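One structure is given here, and the rest of the page talks about it.
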Amino acid sequence: MIKIEAIVRPERINSVTAALEQAGCGGFHYQNVTGQGTQRGVEVFTGRGAQMVRAAGSKTLVVTVVPDDLKDAVVEAIIGAARSPDGGRIGDGKIIISRVEDVIRVRTGEHGEAAI
Amino acid sequence: MIKIEAIVRPERINSVTAALEQAGCGGFHYQNVTGQGTQRGVEVFTGRGAQMVRAAGSKTLVVTVVPDDLKDAVVEAIIGAARSPDGGRIGDGKIIISRVEDVIRVRTGEHGEAAI
Amino acid sequence: MIKIEAIVRPERINSVTAALEQAGCGGFHYQNVTGQGTQRGVEVFTGRGAQMVRAAGSKTLVVTVVPDDLKDAVVEAIIGAARSPDGGRIGDGKIIISRVEDVIRVRTGEHGEAAI
Amino acid sequence: MDSGHTAWMLTASALVLLMTPGLAFFYGGLVRARNVISTLMYSFISMAVVSVVWVLWGYSLAFGEGSALIGDLSLFGLSGIGIDQVEDGGIPTLLFVIFQMMFAIITPALITGAFVERFKFTTYLVFLVVWITIVYAPVAHWVWASEGWLFKDGALDFAGGTVVHVNAGMAAVAAALLVGKRRDPGAEPHNVPYVVLGAALLWFGWFGFNAGSGLAADGVGVNAFLVTNTAAAAAALTWGVISQVQTGRMSAVGVASGAVAGLVAITPASGFVGVYGALAIGAGAGVICYIAVYLRTRIQVDDALEVFAVHGVGGIWGAIATGIFAVAAIGGTAGAIEGNAGQLFTQVLAVVATMAYSFVVTLAILKVLDIIPGLGLRVSSEAEDVGLDIAAHGERAFVSDGAD
Amino acid sequence: MDSGHTAWMLTASALVLLMTPGLAFFYGGLVRARNVISTLMYSFISMAVVSVVWVLWGYSLAFGEGSALIGDLSLFGLSGIGIDQVEDGGIPTLLFVIFQMMFAIITPALITGAFVERFKFTTYLVFLVVWITIVYAPVAHWVWASEGWLFKDGALDFAGGTVVHVNAGMAAVAAALLVGKRRDPGAEPHNVPYVVLGAALLWFGWFGFNAGSGLAADGVGVNAFLVTNTAAAAAALTWGVISQVQTGRMSAVGVASGAVAGLVAITPASGFVGVYGALAIGAGAGVICYIAVYLRTRIQVDDALEVFAVHGVGGIWGAIATGIFAVAAIGGTAGAIEGNAGQLFTQVLAVVATMAYSFVVTLAILKVLDIIPGLGLRVSSEAEDVGLDIAAHGERAFVSDGAD
Amino acid sequence: MDSGHTAWMLTASALVLLMTPGLAFFYGGLVRARNVISTLMYSFISMAVVSVVWVLWGYSLAFGEGSALIGDLSLFGLSGIGIDQVEDGGIPTLLFVIFQMMFAIITPALITGAFVERFKFTTYLVFLVVWITIVYAPVAHWVWASEGWLFKDGALDFAGGTVVHVNAGMAAVAAALLVGKRRDPGAEPHNVPYVVLGAALLWFGWFGFNAGSGLAADGVGVNAFLVTNTAAAAAALTWGVISQVQTGRMSAVGVASGAVAGLVAITPASGFVGVYGALAIGAGAGVICYIAVYLRTRIQVDDALEVFAVHGVGGIWGAIATGIFAVAAIGGTAGAIEGNAGQLFTQVLAVVATMAYSFVVTLAILKVLDIIPGLGLRVSSEAEDVGLDIAAHGERAFVSDGAD
Ligand SMILES: Nc1ncnc2c1ncn2[C@@H]1O[C@H](COP(=O)(O)OP(=O)(O)O)[C@@H](O)[C@H]1O
Ligand SMILES: Nc1ncnc2c1ncn2[C@@H]1O[C@H](COP(=O)(O)OP(=O)(O)O)[C@@H](O)[C@H]1O
Ligand SMILES: Nc1ncnc2c1ncn2[C@@H]1O[C@H](COP(=O)(O)OP(=O)(O)O)[C@@H](O)[C@H]1O
């Protein structure tokens, strides 16, 4: 099994989770993070509004563990839902893929793909 | 060393961390996440309370890195503390296990199991 | 490529991210977590202030994916920025290193190191 | 000058001023976290803009001599109103100016609920000036100025059910139509405690709004205070119970909305009805506005925070109910129940006239603002996605230490 | 009718109304994040339910003629109270009805602190109606109605230390006993700023509560205002200093609790004592309630938000202290220090009678509600784990954009 | 005794009391999340400490007979002030004591904005007692007591622009200098809604502050209310527009700061100027304070929340503007525009005297507190990093269920 971690724009999270379900991946969790990359972040005021600074932007991190064979479908689904209209904008995010040794379902104690 | 990530019910977090300490794992970190799986989430109102929608539920993600030999003990501990009374309920959560190459303790610069 | 996860003190996050950029790692994301380890947490009041309990402390988790050759530089950078003055204090944090199979840039679909 | 009446009206004016921040939090809690600052500012800035407009020409247009349709500019800058000039009843004229100003401040703020999360802030500033001048001032003149044609017709609107709520409700429909649907409507309220805080401040401030509208600390004012509280309570309870019966849960946002609906409905009636009337008006508002919201969510007009369903419909119900439940022994005018069915007609006339005027003129104003270069009604879709807090105000509402 | 007294009492009534939302936030900040909406609603809904009960039969039972033990239903629906009817002192009778209503609203809300995080909301609605009718109304009648037996005995309770706080404190004990411990008690307050906001609104509103209880804007009212502020300050400071000395840190929640304890303790005394008395009563409340809380945390009764330790104990101390520090020159009655030791006895009698009645009857009410099918006191253990916000109200208090 | 004036002054006193929690939230929203409790407490605890100091010796030193420089202790513990003693104008003397107390409470709270996120809380408690005694009381005596030398000179300070704001502003500079820079200054405000809530409560409470300073519900009070609102609006708008023009975004914190700057500037003038004067003073405050903040951020003095730039500079501008725009027909004194240029000189004299005294004595007080063993001004660098909420109060402001 592999773990797919996708950093996406917060405003895209609903379409991303919908796409995941469509791609046959019904299990995932997500959370807000603060992120920076090529995109240098957003401009915000400090103090009383006299000056602005760049702050890393808000992103949402979605994590799902899937069987290997689902990998490409899920990656496609995420890209489709997370990429900004007309060819994407800087800051659309990344997808990080890594290997998982085992998954256990707390309720039943099942192991491996059966637990997903 | 392996990394154990457990997604559990927020209301179970205190018993889970207690169980971890008992199992000899005194180091961990956790955070709230939003999760969905077989359990389709919770019912919440939108707008002025005229209609309800399903929203993914709140879960807590606990992460700990342990020496390989502690793995089973820790997994048992988590299951014991996170599973709902009388045989578990849908949504009790998952445990995800993956390999870690190295751990470094910031304070001392120690590597490997010594750093845990 | 490898994933570097660093748990650091929240008040150090700005210097850590600055150090990361200096070390040539311009991409990362971070979030607040609650953590416990050798350091048993902080003392806080419960109820009306009549009694205190220990609560796990606030930490910040920084995550970055980098090419293998950047690993040592980045680890050094994090330690330098996250360690408390005069030799470090308990609770300065950990750095967890693990392998990543692939990274994809949502915007372009690029794979591997090109996507970082 | 009566120091007692003056004391109460100073207090009442402060209470009504506080309603606008109350509304800000009520609305602010209902939107997404990324638009809360923007939503708060739509209301807060009205305190700044309208206060200035009011002392310059707003008051004069609303309460200056002039015609049956609108006042004149004879009182521009409150010229000629000395600090010792007293209204009959015994409060200083400047205090009447202040009290009325607070109503002018909150009315456009109410409208903003229709277009939160997407309306361009700079355009909104211009809208505030224009709308107060050519919509609010005339309507206030019609109903409350001694020359006003609806006033002459004997329309009953004790504290502004028509001038404030029906007026804002129709303007909200016009705005929602022109601004269009949000890209992603129907979100969960991001902060329910803010909604409760806002509702509490509104309830609190409304005592000034209604019990102050008699401009005196007397029996009529006291009665207005009592029926205001009673109607709010009855409506909150009704809405809550319906929500409980229909869904098995009692939405806090629903209870808060019910309270507001009750407060809206009792506003025009508060000087004319008694406790039983208040119970009927409140319970009625709870049922009617609940249904209105329910229906609204089934149509395509994205009146995001239900301004029309709560303030429009609530205000209409209140205006009509005033004609039904008015008690001669309290406000001097009998309602339908006491045999004066004619009053009902006058009430309906006032409502219809206000609805038509407010809708048409607001529509016209927004159409014009939309085509003026540099203005325009709606933010870019990018700004809407990122949220107006960052896009329009350069601020994030909530920042945790390290991460957020 | 005196417009000045009327003006102040209108204001005072609004201030007391605001105390209930203040309490909602004070309590709401002290619970877990997953129960904050539920905790807010326990208080907020009291504004809806009790307001209706009060104008229908509550006021009549409390202040209608009747016997020494309870009023009658002669004033059902406030029948026969015209808007021009005036109390001696010069305020409209309806204003007295309003002012007293605000006290009836907050008293049961105080009780809820004992059973937050586990009490069934629908059952609570029924409890509100019954408790106001058969516990609050009679006790208010005893102490404040001219026929009331404690009133006749000359018990001093200027603003409700016994009727409101001791009464609520004992009911809280009964409730905590019957509802039982939370599955996981002793949590950290989830939002300290809410606690501070609530304490601030309570302090602010309490000026109406105490300085309004003379029903006039006169010297007695002014003195009540002054001693109220003084006692709150002294108690907040005392509590804070003890916390600092004992733990090396000054808990904000502790300081806020101290302020509330001081406000509770001065309530019955505020019409009878001077500044020095207020300092003594406040400092005493800080010490005594701090100890009470400390002891409570060592027993098994899960009075979650320390209603008895703060309101019960604080109210008892205040009632007794009134008998000690009363100054004839201020309230017309001398206390023990001025040689009238007998007053102390009367005070104790009033407290004991109230405690016994409130405890027993509340226990009985809850026992009955517990066995009525469809009601019951406690939510399911699942609901308690998930939190009452989701389980009972279908809402989450705080929702961040993507994740939460 | 005039019940109307008394009614208004009771209300006004409550409103001014509420300003301190308002300030607490205004400041609290501007700091980091890990210092919000600490920042709230700096203000809240002033309600506890100063209230006690005031009734014991503070009032006596400020308003007792004594010399031209300071009062005496003849009124220690308010001795001899009966509840029936009345001021000329018709309010009880004790009400004057109360009203003035609220000013004494908020003044030192204003100072705390300069040293948030690093000042030692226990030392601050001592500072409060000393500063009220030897800085606030004398300055209040100079300006407001009939024997005060600035009062005799005819300096105009209707509601405390000099006594409260200039005074606090200079003390803030002294404090910022001695406490030194934060280890990590220039953070993003952690909670903008708190800033808006605080600004709203300040605006609301300021009506009591200014319209109450005439000690009566009369034409002067009404005019003060009107110009207060007008200046706040004009300043908020000005600041917002500048921010919009300069950055393309309208900072909510900026608009709120503008409102406060306008309220500060109109404070001394509110009994002497009309609407046009208010517009000028407000707009001026918006521009001047915006520039002051802009410059402050370029120097090394870490006056964290811009106390001097907003309250100091705003107060100075207001004092001078009073001398410019005063209208004889309103406050009895003409300003420069009406040909009385001399008034300007008196105004400047009062400001300079206050600035010098406040700065020097505050500096001295802090220097002493710094070297007293066990006290000291600044927390450890560790405490500063972890945040004062945990370090000084043992509390976390926000706790989510499982994780935080
Ligand atoms: N090397 C990295 N490791 C972890 N997260 C990253 C990395 N690079 C970028 N990210 C995350 O992805 C987000 C988008 O990346 P960014 O480089 O800004 O845009 P793009 O991928 O379109 O060039 C960043 O805000 C950050 O949260
Ligand atoms: N494939 C997955 N990858 C990551 N997290 C998952 C996955 N499936 C479930 N989860 C997490 O586990 C939680 C519980 O899983 P769920 O399937 O609802 O219950 P159960 O495991 O009892 O069937 C979900 O809310 C989600 O947060
Ligand atoms: N085994 C572990 N797995 C995951 N996180 C850990 C582990 N041990 C410690 N941590 C994280 O690192 C933080 C600091 O570790 P701690 O042991 O307290 O200090 P130190 O590393 O200086 O001994 C902890 O608060 C926790 O968040």
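Bear in mind that the values here come from a model prediction, so they are computed numbers and not experimental data. To find a chain, count down the sequence lines: A is the first, B the second, and so on, and within it residues start at 1.
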Max heavy-atom pair count under 4.5 Å with chain C, selected residue of Ser251(E), Ala309(E), Pro189(E), Gly258(E): Ser251(E)
Begin with the C-alpha distance, continue with both residues' side-chain angles, and end with the deciding distance and a verdict on side-chain contact (heavy atoms from CB on, under 4.5 Å) for Leu305(E) and Arg48(C). CA-CA 8 Å; Leu305(E) 305 184; Arg48(C) 295 308 182 80; 4.0 Å; yes
Examine whether an atom of Val310(E) lies under 4.5 Å from a heavy atom of chain C, and if so say whether it belongs to the side chain, the backbone or both; otherwise answer neither. side chain
Taking the side chain as every heavy atom from C-beta outward, state whether Ser243(E) and Phe45(C) have any atom pair closer than 4.5 Å. yes
For Glu43(C), I'd like to know if atom CD has over 12 heavy atoms of other residues, nucleotides or ligands within 6.0 Å. yes
In terms of heavy-atom pairs under 4.5 Å, which option from Glu306(E), Met250(E), Glu188(E) contacts chain C the most? Glu188(E)
Can you say whether Arg296(E) sits under 4.5 Å from chain C via the side chain, the backbone, both, or neither, judging by heavy atoms? neither
